[in-house]
Amino acid sequence: QVQLQESGPGLVKPSQTLSLTCSVSGGSGTTSYYALSWIRQPPGKGLEWMGAIAYDGSTYYSPSLKSRTNISRDTSKNQFSLQLSSVAPGDTAVYYCTYGQYGLMAYWGQGTQVTVSS
């Protein structure tokens, strides 16, 4: 029912800002206590939770990324976005957006590859 799709440039230069958007569709009922999250997986590494924005607009970030991460939402467009500033090659990863209620991440996008390179 709920579908998510990540979009944005697949190649970002070092020191620039990575910007991704997740479009959310589906679902016919009223939702509450939901959260929208960003998760990434660098090559050869595990999944890393980056942060989330909750139904009330509250944001939460991984301590290791908080200083350069921003998550926002646009409810009128049913989408939310990720900005990761000052990127480096270590930020190369597959980036996923997720949706869920009550702290769960029940729905995932397919992921989008982002490469940081000159």
Which heavy atom of [X] sits nearest to which heavy atom of [Y], and what is that distance?
| X | Y | value |
| --- | --- | --- |
| Q83 | T17 | CB-CG2, 4.1 Å |
| I39 | W108 | CD1-CH2, 3.6 Å |
| I71 | G51 | CD1-C, 3.2 Å |
| S86 | R68 | O-NH1, 3.6 Å |
| E6 | Y96 | OE2-CA, 3.3 Å |
| P9 | S19 | CD-O, 3.6 Å |

In Å, rounded to the nearest 0.5 Å, how long is the span from [atom1] of [X] to [atom2] of [Y]?
| X | Y | atom1 | atom2 | value |
| --- | --- | --- | --- | --- |
| I53 | Y34 | CD1 | OH | 7.5 Å |
| E48 | L65 | CD | CG | 5.0 Å |
| R40 | Q113 | CZ | CD | 12.0 Å |
| S25 | N78 | OG | CG | 8.5 Å |
| D91 | M50 | CG | CE | 7.0 Å |
| K13 | L11 | NZ | CG | 8.0 Å |

If you define the side chain from C-beta out and look only at heavy atoms, does anything of [X] sit under 4.5 Å from [Y]?
| X | Y | value |
| --- | --- | --- |
| Q110 | Q5 | yes |
| F80 | Y99 | no |
| T112 | V94 | no |
| T115 | V12 | no |
| N70 | S72 | yes |
| L20 | W38 | yes |
| L82 | Y95 | yes |
| V114 | L18 | yes |

*same_hphob_cluster(L104, Y107) at 4.5 Å side-chain heavy-atom cutoff*: no

*Would you kindly confirm whether Y61 and M105 end up in one hydrophobic cluster when ILVMFWY residues are joined by side chain heavy atoms under 4.5 Å apart?*
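No, it is not one cluster - the side chains of Y61 and M105 are not joined through contacts under 4.5 Å.
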
*asked:* Listing request: all disulfide bond (SG atoms under 2.5 Å apart) pairs with a residue in residues 61-108, at least two apart in sequence or in separate chains.
replied: C22-C97

*Please identify each residue that fulfils ring pair (Phe, Tyr, Trp, His ring centres under 6.0 Å) with Y33, with sequence neighbours left out.*
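For Y33 the ring pair (Phe, Tyr, Trp, His ring centres under 6.0 Å) partners, ignoring immediate neighbours, are Y55, Y102.
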
